[in-house]
Number of protein chains: 2
Amino acid sequence: MNLEEVARLAGVSRSTVSRVLNGSSGVSPATRAAVESAVASMRYLPNQAARSLAGTRTDTVAVVVSEVHDRVFDDAFLTGVLRGVTSGLDGRRAVVAVNPPSVSDVDGCLVVSMDGHDPLPRGLSVPVVLVGRPLSGGLAYVDSDNLGGGVLAGRHLVARGRARVGVLAGPPDVAACVDRVAGFRRALGGSPPAGVVPCALTPDSGAAALAGLLASTPDIDGVFCATDAIAIGAVRYLRSVGARVPEDVSVVGFDDSVAATVCTPALTTVRQSAEDLGNTAAWRLVAELTGEQDLPQSIVLATELVIRESS
Amino acid sequence: MNLEEVARLAGVSRSTVSRVLNGSSGVSPATRAAVESAVASMRYLPNQAARSLAGTRTDTVAVVVSEVHDRVFDDAFLTGVLRGVTSGLDGRRAVVAVNPPSVSDVDGCLVVSMDGHDPLPRGLSVPVVLVGRPLSGGLAYVDSDNLGGGVLAGRHLVARGRARVGVLAGPPDVAACVDRVAGFRRALGGSPPAGVVPCALTPDSGAAALAGLLASTPDIDGVFCATDAIAIGAVRYLRSVGARVPEDVSVVGFDDSVAATVCTPALTTVRQSAEDLGNTAAWRLVAELTGEQDLPQSIVLATELVIRESS
DNA sequence: TCGGGGGTTGGGAGCGCTCCCACGGCGGAG
DNA sequence: CTCCGCCGTGGGAGCGCTCCCAACCCCCGA
């Protein structure tokens with residue numbers, strides 16, 4: 001079934017059907033109605049390949065997921081982003097590629113990456129929008145307000161009366177962690193953290209980092225962790241050495257992962273919406289593809305403090 | 001850059017380049033080498049749209065994800081499947097669609113669905129492989145050995161000396177849960193469970209279901225839960241009423257989710273590999289697309305008992 | 001020596017669509 | 001009343017590829 005057949009049924013030409021399908025102006029209402037009814041009655045679906053060949057678009061965008069090796073709690077983030085992206089793509093198709101060598105035949109590209117080194121698919125000259133701020137490079141991106149979230153966490157610990165707080169900062173090459181810690185520092189103002197220690201994104205690494213921190217600074221009464229995964233390790237370590245959470249030490253995480261709600265004690269954390277992130281990134285990309293002008297280079301989405309038992 | 005240009009550089013015709021690119025026989029080694037070097041030096045990539053239009057394939061498969069409303073712990077499963085699928089697709093492109101009204105222009109379709117009602121995208125007449133056994137219907141599928149996993153869980157509780165076990169069975173329309181419970185019953189043999197209660201896939205529902213079960217059967221010493229999410233609710237409820245886990249009551253979950261490792265006590269559970277599931281399903285679909293004969297209608301992957309603190 | 005067949009290669013015909021140009025008819029201005 | 005311009009429409013060209021058939025060459029057997 002092709003354009004020609006639809007045209008015949010509607011009593012018009014191929015061109016006119018094409019015009020109607022593409023919503024271009026210059027078709028009389030009567031003709032438009034006739035075509036639409038023919039399309040509906042035949043359940044006609046345009047051949048996407050032919051469209052791409054003849055036209056200048058493919059109506060397909062790539063979603064490139066660059067995997068980190070020690071991903072642990074990122075699954076919910078990824079599915080959230082993906083869900084948001086597919087719903088924000090406005091009819092375009094999403095080709096998903098994990099660690100792709102190259103991507104071609106797409107109109108645009110969304111890149112979801114944990115680390116700051118943007119691993120752009122090579123040989124690609126289409127608009128790109130990143131999900132998550134890159135550490136460098138002038139690419140458009142959409143990100144959660146990690147800085148603001150860090151501020152929320154900092155104010156919260158201050159409000160709880162915690163005066164000697166440690167920070168488990170995560171990897172220095174993950175922009176989200178860097179921003180969170182920066183926000184946290186800002187909230188503390190004149191009284192800086194008692195110690196800031198980098199670590200990997202795993203509970204074990206968080207536990208080890210906190211052990212190191214406590215060795216040099218035993219009288220800590222609060223810990224801010226760049227991610228929930230790290231926080232879970234921190235809580236585990238604190239309890240293993242007999243410290244009570246939150247009575248002796250308050251712990252705050254970041255992400256509001258499922259794990260944060262089921263661990264004991266349930267984690268106070270900062271919530272971000274992965275789905276909104278994906279949806280917004282898709283919207284931003286589509287806007288660029290449709291030729292919209294004056295688009296913001298970066299978009300930052302609000303975060304929210306969720307107070308539970310650990311603080 | 002197109003076939004013609006490559007042909008010119010290689011000093012052959014369009015047809016010959018096409019033959020080389022498609023790996024068809026009947027090309028002399030010398031010619032083949034010349035073409036391959038031309039392709040490499042130009043970094044030529046075939047236009048996918050033109051290929052689809054002229055040929056009979058699109059080299060694209062749809063990955064249809066049908067979302068359930070009360071998904072809670074499924075994110076890791078989904079990303080695992082997706083990861084496996086993309087790596088098993090052997091160069092084909094994966095178009096991901098979440099709850100799509102319709103899908104077209106694909107060679108085949110993978111459907112990831114929690115519930116047993118297979119929500120096939122309509123108007124689709126291509127090979128389909130399901131990830132997870134459907135409750136009905138003769139479609140090809142790949143699934144974890146949920147039955148075998150249930151047996152493992154049952155034997156384990158028997159070995160632990162648990163004689164009065166309850167089962168939180170999950171929804172009756174989720175094939176995976178049905179199978180897990182069936183396997184569990186089989187392992188118990190002549191001494192059936194003290195009670196089997198359906199519930200939703202959330203901790204809260206699990207807690208509520210267990211509360212109901214304990215009301216009628218207070219002397220239970222073991223609980224098998226169809227998923228980890230349910231098990232986490234069960235553990236929470238048991239502790240809330242003062243029962244010790246595992247001293248008083250053993251609890252076994254299913255999925256080996258991240259939450260199972262971070263909750264207290266860490267859950268004994270049955271592990272399945274979502275990535276293998278996706279990879280195998282992709283392989284099965286590709287095999288069918290390439291015309292392979294005598295393919296198995298269903299493929300079942302092994303599961304594994306993981307013993308932790310809750311039993 | 002000649003004819004037949006197999007192994008290679010080239011070129012034409014489309015796939016179904018979009019884009020562009022040309023054409024016809026109608027209304028308003030001169 | 002005539003001319004111009006615009007709106008609505010039709011049809012040709014061509015996107016880059018695959019498929020098919022014809023052409024060619026070379027080697028073999030008769």
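Order of the sequence lines fixes the chain letters, A, B, ..., with proteins taken first and strands second; residue numbering starts at 1 for each chain.
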By nearest-nucleotide position on DNA chain C, the 5'-leaning member of Gly11(B) and Ala54(B) is Gly11(B)
Would you kindly give the [atom1]-to-[atom2] distance between [X] and [N], to the nearest whole Å?
| X | N | atom1 | atom2 | answer |
| --- | --- | --- | --- | --- |
| Leu21(B) | dC19(D) | CG | P | 12 Å |
| Arg51(A) | dG16(D) | CZ | P | 19 Å |
| Asn22(B) | dG16(D) | CG | P | 17 Å |
| Leu3(B) | dG12(C) | CG | C1' | 15 Å |
| Gln48(B) | dC15(D) | CD | P | 19 Å |
| Glu4(B) | dG12(C) | CD | P | 11 Å |
| Arg57(B) | dT18(D) | CZ | C1' | 9 Å |
| Asp105(A) | dC17(D) | CG | P | 10 Å |

**Message:** Looking at Asp75(A) and Arg83(B), is any side-chain nitrogen of the basic one under 4.0 Å from a carboxylate oxygen of the acidic one?
**Reply:** yes
Electrostatic pair Arg93(B)-Asp59(B), nearest N-O below 4.0 angstrom
no
State whether the side chain of Thr16(A) and the backbone N or O of Val12(A) hold a donor-acceptor pair below 3.5 Å, judged by distance alone.
no
Nearest listed nucleotide, side chain of [X], among [options]:
| X | options | answer |
| --- | --- | --- |
| Ser28(A) | dT18(C), dC15(D), dG8(D) | dG8(D) |
| Leu53(B) | dC17(D), dT9(D), dG16(D) | dG16(D) |
| Ala50(A) | dG10(D), dT18(D), dG16(C) | dG16(C) |
| Ser15(A) | dC15(D), dG10(C), dG10(D) | dG10(D) |

Heavy atoms of Pro127(A) and Asp107(A) approach each other most closely as CD-O, 3.4 Å
Would you say a side-chain N or O of [X] is under 4.0 Å from OP1 or OP2 of [N]?
| X | N | result |
| --- | --- | --- |
| Ser13(A) | dG11(D) | no |
| Thr31(B) | dT9(C) | yes |
| Asn47(A) | dG16(C) | no |
| Asn2(A) | dC15(C) | no |

Discussion item. What I want to check is whether an N or O donor and acceptor connect the side chain of Arg14(A) with the base of dG12(D) at under 3.5 Å.
Written reply: yes
Kindly indicate, with the supporting measurements, whether the criterion side-chain hydrogen bond (donor to acceptor under 3.5 Å, both in side chains) is fulfilled by Asp256(B) and Gln272(B).
CA-CA 7 Å; Asp256(B) 194 25; Gln272(B) 63 173 335; over 6 Å; no
Categorize Thr16(B) for me: base, sugar-phosphate, or nothing, with a 4.0 angstrom heavy-atom threshold over every strand shown.
sugar-phosphate
